[in-house]
**Q** 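First the structure, then my questions, so here it is.
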Number of protein chains: 2
Amino acid sequence: MATIKDVARRAGVAISTVSAVINRSAPVSDDVILRVQDAIREIGYVQHSAAKALRSGNSRLIGVIVPDITNPHFSTVARVAEKVCMEAGYMTFVYNTGEDADQEMRILQMMRMQRVAGLILISTRSDAAHGARLMSEINVPTVFLGSYVEEAPFDMITLDEDRASHLAVDYLLGLGHRDVAVISGRAGVSTNEERLNACRRAFAEHGLELRDDRIIPANFSQQQAYDGALALLAAKDRPTAIFALSNMMTIGVMRALLSLKLSCPGDVSLIGIDDFEWPEIMNPPISVVAQPIVAMTECAIRTLLDQITSKKDPVGHRTMFPPELIIRASCAPVGR
Amino acid sequence: MATIKDVARRAGVAISTVSAVINRSAPVSDDVILRVQDAIREIGYVQHSAAKALRSGNSRLIGVIVPDITNPHFSTVARVAEKVCMEAGYMTFVYNTGEDADQEMRILQMMRMQRVAGLILISTRSDAAHGARLMSEINVPTVFLGSYVEEAPFDMITLDEDRASHLAVDYLLGLGHRDVAVISGRAGVSTNEERLNACRRAFAEHGLELRDDRIIPANFSQQQAYDGALALLAAKDRPTAIFALSNMMTIGVMRALLSLKLSCPGDVSLIGIDDFEWPEIMNPPISVVAQPIVAMTECAIRTLLDQITSKKDPVGHRTMFPPELIIRASCAPVGR
DNA sequence: TTGCAGGCACGAAACGTTTCGAATAGAACA
DNA sequence: TGTTCTATTCGAAACGTTTCGTGCCTGCAA
C-alpha cells in the first residue's frame, strides 16, 4: 500500500510536509497543500494508524467492555459509544465479558496491548479483590458505567439505584401487595447490591420486611430467573407480586408465569428494572423502572474524553441519573 | 510503559531474543526463556500491538460491519464473530452503518487505516455502483454475510432465501389465504430482492399473483413497517395475511395490528423471517422462518480466516444455509 | 544596499517491534 | 590440536509515522 513517502515523492515535497498537510499541524502554502492533496487522491493513500499511534503515542482508541452485547441494554451502550467517539475522532473496541471476571481480565490485557486511550467498563464484579486486579491491569483513564468497583477510584455514571428500587417497591406496596418476591442479579455487583438494599429499606419504610427467602438469586440471567420464578410460583405460598432487578430477569419471570399459565397481573403482578423497546407486543405490556441509558452512555463517554484530554486524575466522582416509573399493564391491586 | 528493550536489559539478553521467546519464533534455551519470562512478569511488560503490526505488516484485526448492533440478529453476529476471532488470535472491530451507504464507506476507510486483515461485511446496498465503490475501497479478504453486492466478487454466506420465502408463502397459501401482503425491506439489497422475487415465484407456482400494491416497502425499518401496515390494515380491503421479510418489520406489523385492535391470527395472520429470542412472551407468539445465524456467522469467520491465511483470491463462492419454518400461533386458516 | 524577521520546507531521529544474516561457544570428530 | 557442525544468541535494519531543530527565501525596515 502507498505510504506517506510515496505521496511526498509524487507531490515533490518532503515527508514532513505531507504530514503537516494531513494533520494541519504546521503552516503550509496553499500551492503545496493542493499538490499534496492531489497526490493523496491519485495514489489512494490512507494513513497507517499503527504507525501513527506508535510514533505519536496516541492510539485514539477507546475500549468499551460490556457483559453481553446481545442484551439490548448493552447494545444501546455500544451504539451510542460508537457514535459519540467517532464524532470526537476516536474508534471504539467493543468487547463482551460474558459476566466472567477472568474473561474481563483477558480483555483488559488485550486493551492494554492496543494501548487504548481510555476505557468504558461495565464490570462483572464490584469487590475489593477485583478492584485490586483491575488497578494492576488498567493504566488509562477509565469510567464505570452502571456499576462500580471497590478500591478502583474511577469516575462512575450510574442510575440512582436507591430511587429506582423505591419507585418499584412503593408502587407495588401502594397497590396493596404484602408478599413480594425480588429476583436478584449477581451477588457482588454494585448495581445489584444497591438495588437490593434499597428494596429492603423501602420495605422497612412501610413497616414491612423483605424476607431473605423472598429474594431469589438469578445472576442477571434470563434462564436462572425463569428457573427461580418457576419454583417460586409453583409453591402454594406464591407471592402476589414480583420485582425483577433487570430486563433479562424480567423476561425470565414472564416466561415462568406463562408456562405455569398464571395470569399477569391477575394472579401475580410483575415489574422490572430496564425498559423494553416494544412493550406493547408483550403479553401483557410490562411496567418497568426505566433508566436513561442513552444519556448515561453519552455522559460516560464525555467524561472519559474529558479525562483523556485534560490528563487530570479521576476523583472517583459519581454521577447519578434519575430512573422513571413507567406504568403499563403488568401490575394490579392485590386480591383482585 | 515498559518496552521489550526494558525486558531485554532486565533479563540480560538481546532484544531479538526476547522477541523470540514471546513469539516462540526461534529456539531459545530453557534457562533464557525462564529469565525472560521472569523479567516480563516483574516489570509488567505488555506487547505494543501497533509496533508489532507496523513491523510485521499484520494487524491481526478483523472488521465486522453490520447495519445496527441494536438489532438482536446483528448483535448475535457480533458476539459470535468476537468469540471465533478471539480463539484464532484476532481482535474484532464491530461497526454500525445505520443502513447508510456513505457511513459504510466512512467505516471502510477507517478499517483501511487500521489495516484490518479481513472484513465481514453486511452491506447496505447490492447494486453494481455500490460494488464499484466497495472494490475501490477494499483491499483485504472480505466475506459477505447475509447479503452480497454486484460486481464485488467476494465469498458470501447467506440464507437459502428462495426456500425461506417459499416456506412462508406455501404455508400461508396452504392455510387458504389468497390476499397476502408482503412487507418488504430496502430495495436494492440482495437479501430483500431475493426474498421478494421468491415470493412472486411462490405465488405463481400456486397459480396466483403477488400484486405490486400488496408489496409494502418498509426499508427493514420497524417504524416504516408499522406505518405501512397501519395504512394497509385500516383500508377496508385489508389482506387476510401478512408476510414480513425481516424481524424488525415483523414487530412493526405486530404493533400496527395491536394498535388497530385487530386480532392475530383471528383477523389477520402474520409470519416473518428471522426468529425471536423469547417468542412466548409475545402476544401472540409469532410464526417465523428462522435462519441459523450462529452457524452462518461461524462459517463466515472461518471462511475469512481461511482466506487470510491461504492468501488465495476469493472466487465469489456462495454458501447457503437452510431456513426453518417455525409454526407458532400467529397464523390461522383463512375465514375462521 | 544591508540586516533581520517570519513563513515555509526540509531532514533526521525516534516510536517498539520483527526479522534475518552474522557471530559465538561448545561439542564432536579426525 | 585443529576443524567442522550445531545450537543459541546477537545486532542492525526496517516498518510508516510524527516531531523538532535547521536552513532557505522573501519582504520589509533602516
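On a predicted model such as this, the values are computed, not experimentally measured, just so you know. Chain A is the first sequence line, chain B the second, and so forth, proteins listed ahead of strands; every chain is numbered from 1.
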**Q** Toward the 5' end of DNA chain D, which comes first, S56(B) or T17(B), by nearest nucleotide?
**A** T17(B)
**Q** Side-chain N or O of S19(A) less than 4.0 angstrom from OP1 or OP2 on dT18(D)?
**A** yes
**Q** Under a 3.5 Å distance rule, please check whether R60(A) uses its side chain to pair with a backbone N or O of G89(A) as donor and acceptor.
**A** yes
**Q** Quickly work out the R60(A) CZ to dT17(D) C1' distance and round it to whole Å.
**A** 15 Å
**Q** May I have the distance from H48(A) (atom NE2) to dC15(D) (atom C1'), rounded to whole angstrom?
**A** 7 Å
**Q** Consider the side chain of V32(B), meaning its heavy atoms from C-beta on, and name the nucleotide among dT18(C), dT9(D), dT18(D) that approaches it most closely.
**A** dT9(D)
**Q** Under a 4.0 Å N-O cut-off, is there an ion pair linking D68(B) with R79(A)?
**A** yes
**Q** Within this structure, what is the CG-to-P distance between N58(A) and dG16(D), rounded to whole angstrom?
**A** 21 Å
**Q** Need to verify one output field. Residue with the more 5' nearest nucleotide on DNA chain C, S25(B) or A51(B)?
**A** A51(B)
**Q** May I have the distance from M1(B) (atom CE) to dC15(C) (atom C1'), rounded to whole angstrom?
**A** 14 Å
**Q** Salt bridge or not between R133(A) and D102(A)? Use side-chain N to carboxylate O under 4.0 Å.
**A** yes
**Q** In whole Å, what is the span from the CD atom of Q47(A) to the P atom of dC15(D)?
**A** 18 Å
**Q** In whole angstroms, how far is the P atom of dT17(D) from the CZ atom of R24(A)?
**A** 17 Å
**Q** So V46(A), base contact, sugar-phosphate only, or nothing? Heavy-atom distance under 4.0 Å.
**A** sugar-phosphate
**Q** Categorize T3(B) for me: base, sugar-phosphate, or nothing, with a 4.0 angstrom heavy-atom threshold over every strand shown.
**A** sugar-phosphate
**Q** Quick check: any donor-acceptor pair below 3.5 Å linking the side-chain of R55(A) to the base of dT17(D)?
**A** no
**Q** Please determine, for the side chain of P27(A), which listed nucleotide (dC8(C), dT17(C), dG16(D)) has the closest atom?
**A** dC8(C)
**Q** What I want to find out is whether D31(A) reaches R35(A) closely enough, with some N-O distance under 4.0 Å, to be called a salt bridge.
**A** yes
**Q** How many Å lie between NZ on K5(A) and P on dG11(C), as a whole number?
**A** 13 Å
**Q** Once you round it to whole Å, what is the distance between P of dT17(D) and CE of M113(B)?
**A** 11 Å
**Q** Tell me what S29(B) touches on the nucleic acid: a base, only sugar-phosphate, or nothing, going by heavy atoms under 4.0 Å.
**A** sugar-phosphate
**Q** Apply the side chain to side chain donor-acceptor pair (under 3.5 Å) test between E104(B) and each candidate in N96(B), T124(B), T97(B); give the one that qualifies.
**A** T124(B)
**Q** Assign each of A14(B) and I15(A) to its nearest nucleotide of DNA chain D by heavy atoms, then name whichever residue's nucleotide is nearer the 5' end.
**A** A14(B)
**Q** So if I take every side-chain heavy atom of L54(B) and compare against dA12(C), dC8(C), dG16(C), which nucleotide ends up nearest?
**A** dG16(C)
